[in-house]
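Both ligands and their constituent atoms are indexed starting at 1 by order of listing.
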Amino acid sequence: MAAPLTLYAETGWVSPWVFHVMTALEEKRLPYELELVPLPIPAETKARLRARALIGKVPVLAHGELWLTESLAISEYLAETFPAPGYPRLFPADLGERARARQLMSFLRTDLMALREARPTSSVFGARAGEPLGDRAAIQAAELVAITEHLLTPGRTSLFSEWSIADADLALALMRLVANGDPVPDAVRNYARAQWQRPSLRAFLDRATAPQPA
Ligand SMILES: N[C@@H](CCC(=O)N[C@@H](CS)C(=O)NCC(=O)O)C(=O)O
């Protein structure tokens, strides 16, 4: 019997990196268990995760003896362990498109810090940020929109010839603006909103937007 998959996520449902991994698991239609830990992660739990996965953060994917952190490392692992055509694709088949998808996902993880601070994911899923973007965040928002416009092809709802996990990451980055009512061109807003309806994304999003217990 195949080793079970467990995703360690967080109780607040605000982590874009958990969102990425959950979308990947859902897209592959793999059965998995969820283990929720609070943020900040209590020291004891962090030590337990570190002992198995090297890094005491979520998401963690446990697959048998392998415990892995870093959202992109996890989705690449899932793509290679459960490959097409037996399982739906996460990364484009075309090498150029795949490289572009990785470029974009690396950028979204290492850049846009001012924008991420001004428009945290909590403002996407719950109470809006309510404050104007600062200068630095506005410059980063414009860069994000320009990148999206460059990549979008009229009449297509995904960046590349087929859906890829980069669509999920980009949609979440754009929703930081769309959900807060920041000005975004129609084509970019429509792209993000179309992605938002995809069932693999909804698995996380429905939990993130569910009313929290009092
Ligand atoms: N680069 C990591 C980022 C993971 C990360 O920062 N996780 C945060 C939640 S969003 C976390 O576990 N924070 C707990 C802590 O640092 O104690 C990834 O892509 O998975």
Electrostatic pair Asp167:Arg198 at N-O distance under 4.0 angstrom = no
Would Arg109 and Asp169 pass as an ion pair if we require N to O under 4.0 Å?
-> yes
Audit row: His63, Tyr32, ring pair (Phe, Tyr, Trp, His ring centres under 6.0 Å) steps and yes/no | CA-CA 10 Å; His63 187 207; Tyr32 61 96; over 10 Å; no
So if you build clusters from Ile, Leu, Val, Met, Phe, Trp, Tyr with side-chain heavy-atom gaps below 4.5 Å, do Trp17 and Trp196 land together?
-> no
Same hydrophobic cluster for Phe19 and Leu39, using side-chain heavy-atom links shorter than 4.5 Å among ILVMFWY?
-> yes
Close residues, ligand 1: non-hydrogen atom nearer than 4.0 Å = Ser15, Trp17, Leu39, Ile41, Lys46, Lys57, Val58, Pro59, Glu70, Ser71
Can any side-chain N or O of Arg116 pair as donor or acceptor with the backbone N or O of Leu108 at less than 3.5 Å?
-> yes
